[in-house]
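Take a look at the structure set out below.
Note that the structure is predicted; figures quoted are calculated from it, not measured.
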Amino acid sequence: MRITLLECKRMTGRTVLLGFLAFVLAASFYDCHRNLTRYSVELGMRWKEHLSEARKASRGLYLDGKCLKDLREDAGRYGCLNRENIMELVRGNCEGKTLEELSDGELERFFRIRAQTIREDLSQDAGKGYTDEEIADFMDRAESLSALSMGYAEGWKALGETMGRFVFLLAIVIAALVLPLFGRDPVVRMEELVRSVRYGKRRLDLARVRAAYLTATVLYVCGMAVYVVIVMGPFGFEGADQPIQSNIRTFFSLCDMTYLQQFLRNLFMGYVALAFLVSLALFVTILLKDILAGGAVIAMFMVMLVICNQIDLYPVSHWFTNFMPVRMTDFRHFYTGNELYRIGGRSISCMDWSILVSLPLSAGLLAAGMALLRFDRK
Amino acid sequence: MKRQIWMEYRKLWNRISAVAVVFMCVTAVLHVLVYLNLQYRSIDKNGEIVSGLASYRALREASKDLGGVMDGEYLRKLKVSYDNSFEKEYLAEHRGFLGTAGMTKYDVPNYCVNYAYFGPYMTNGNDKVGLDYEFLESEESFYRAYKEAVKESLAEEGLYSEGQLLVLNEKADNMRTPFTTGYAQGLFNLMTWFRWDYSLVFFVLVFALAGLFSKDGAGGVTELTLSSKYGRRRNLNARWIAGNLFSAGVYLIYLAVQILVNGAIGTLAGWNLSAQMLWCDCLYDMTLGGGLSILFFGGLLGVLVIGNLVMLFSIKLKNAKAAAALSVIAVLLIRRTGSMEGLYGTIELLSPMHFGQSGLIRMYRFVGNVAVPYFAAVFVVATLYVAVLYAGVRRSYKKYHVN
């Protein structure tokens, strides 16, 4: 354990830690600023007042036919922010129409229109080849929603808006810190000396691997904690128990979960992506034995994944990029994509299968790296 | 000096650069092969749907009878041929075919004709491939409509003042017609994939050039180099030239890979077609091959700028790892500008990510009332970038001390 801690210290010197902290703070404040700008543009100069007004007005607020009719009659009834949120959902659900353009019947059928839109989307996704049972299951879930709790949850919405990109950048930065563990710096020529001491072979290798995952985990948790506090701070932490459908981004989602559950899932997905990147960094540096060469391979691999994600071709994402860090931290498609894998006659959601594939891939890379180290020792 | 440059150049081809270049080539090849194989399909000369990589050869075979000069006779025959074709029937039944990477032999000439009608609102798709237009009755009326569409597109760009538009409209009136059309899908793919994977070259340079001016620690080689006869100014120039040669070399490898792979799949036929077959609002009298050559030259300029930026970081920090980290951040930021447009064309002019893109062929910068081709403006900007970065490198090298 002492060697592990020493290796952890080697990875995270004072300069590195300060640099890491600077990165986390800069990214967090940047995302916080972006969210605040968005609110100030949407709600005008008095957005702070609107936020506090929405906190009170949204207590016990449910979106249903009655609520929509009330809002049509009295626009200021639920406050400016709640009105904006509801209008956004209405436009998204009813082909861009405003509340005033909808008939009473359409207001009553609001959630049936949503279910109908979901059915149309499912039938248009011919490439995904849904079976009748799968569509029936999706539609059961779509039709089960008949009223939507619209409690205040702006902090969670703001977090969900920017978290994916931050987790991806955080994972890359942490993976870069792992490179010096097995990658040799041409300026520091101590490798032969280190390898010739008493615990300089197998025990040192194991300690370095442990140090990599330990440091990555600690940095990930700390980085995320700082990020969550800074991004959610101005909006508050209320609304963890609200359904994710109250956000326009996930209004059509068929996942029955709250913002807190969504956050925890995203956090875990991010960690799985991080584990893959750390395993890849270890494997590449064990293989190439050079920090810069390892960094080059990881950078090129990431660029390749980013380009794949931008082009987004279904077979490529379905069979490859869904298990890779870039798409795994692009969280939104897990909630709205309705992508399924058929394994052994069972339909498994994309999120669950991505985790189930990515973890063994990480373990495989680590095992390959350990095998290479063993081969090198002989 | 030549020998010194050669020695420095050889030093740059080390394990790091070899790994990065191999990875760049593999990534570029895989991207093209996988995506072209999975995404595209075409209608061959027998009216069969061919999918995957074979679809390009089938399309080329089918397109043979549609190549030629788009004069009045050609337009009349094209309309008759399309109206009686299997393709027209098939597209009427399969509304999403062209919008989902489907291809027919009529795409190139028909899109060109449709541009004359839709102008700035032209996209690809089944609804923009028909030929039921009155202006197709004569060559003159078609090219009159086409030139009006170009003028409308230029006005819609929002880049030019009214006075500037007058100058460009005059150029549009003087466009050389009739156009030459034919099969060029391989070249279209080449342009697309060249642009998509272009930033890979930047990442190779980041890792290969970050150590160009770094210190070697306690090894003594840095001390020895600096105290030798040609170890300061001449050595700086040799390293700088070698760095630029290396940047150009990596770029040429990337370009060669793209040309080889896309040429092998879709062929490089269509080099002599009019540039308007790809860039509808292009005002130059140039061939498709000429236009692509300008883009590739612009790409080289972008790569040289990034190479010099990495060299500047390398000499400022004198530490390969720190220079690589800073360069990665810089390249990521520059890469983000690749999808940005606006500010009256300023981003396109200043961002190296845009130096290899279509703006070079389609846009103009104005000096007074003189329309300067965008590629000339980009050349000037890139030269300025390199000069400023070289000045920064030179300034730092003068103060290069061992401790």
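Looking at A:Phe301, both its backbone and its side chain come within 4.5 Å of chain B, counting heavy atoms on both sides. Of the atoms belonging to A:Leu288, heavy atoms from both backbone and side chain fall under 4.5 Å from chain B. Only the side chain of B:Val19 has a heavy atom closer than 4.5 Å to any heavy atom of chain A.
A:Arg165 and B:Arg336 make their closest contact through NH1-NH1, 3.8 Å (heavy atoms, listed as atom of the first residue, atom of the second, distance). For B:Arg15 against A:Leu287, the heavy-atom pair with the smallest separation is NH2-O, 3.9 Å. Taking both residues in full, the closest heavy atoms of A:Cys308 and B:His31 are given as SG-NE2, 3.4 Å, listed atom of the first, atom of the second, then distance. Across all their heavy atoms, B:Phe207 and A:Ala299 have their closest contact at CE1-CB, 3.5 Å.
With respect to chain B, the highest number of heavy-atom pairs below 4.5 Å among A:Pro315, A:Pro180, A:Gly295 belongs to A:Gly295. If you tally non-hydrogen atom pairs under 4.5 Å between each of A:Leu179, A:Val316, A:Val303, A:Leu313 and chain B, the highest count goes to A:Leu313. For chain A, the option among B:Leu30, B:Leu38, B:Asn14 with the highest count of heavy-atom pairs below 4.5 Å is B:Leu38.
Heavy-atom contacts from other residues, nucleotides or ligands closer than 6.0 Å to CH2 of B:Trp13 number more than 12. Sparse packing is recorded around CZ of B:Arg10, with 12 or fewer heavy atoms of other residues, nucleotides or ligands lying under 6.0 Å away. Environment of CD in A:Glu95: sparse, with no more than 12 heavy atoms of neighbouring residues, nucleotides or ligands closer than 6.0 Å.
Among the residues in residues 193-204 of chain B, those with a non-hydrogen atom closer than 4.5 angstrom to a non-hydrogen atom of chain A are B:Trp193, B:Trp196, B:Asp197, B:Ser199, B:Leu200, B:Phe203, B:Val204.
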Quiz prompt | Worked verdict on A:Val306 versus B:Arg335 for side chain to side chain contact (heavy atoms under 4.5 Å, CB included) | solution = CA-CA 11 Å; A:Val306 168; B:Arg335 194 179 180 278; 3.8 Å; yes

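Rounding to the nearest 0.5 Å places CG of A:Leu292 at 4.5 Å from CD1 of B:Ile16.
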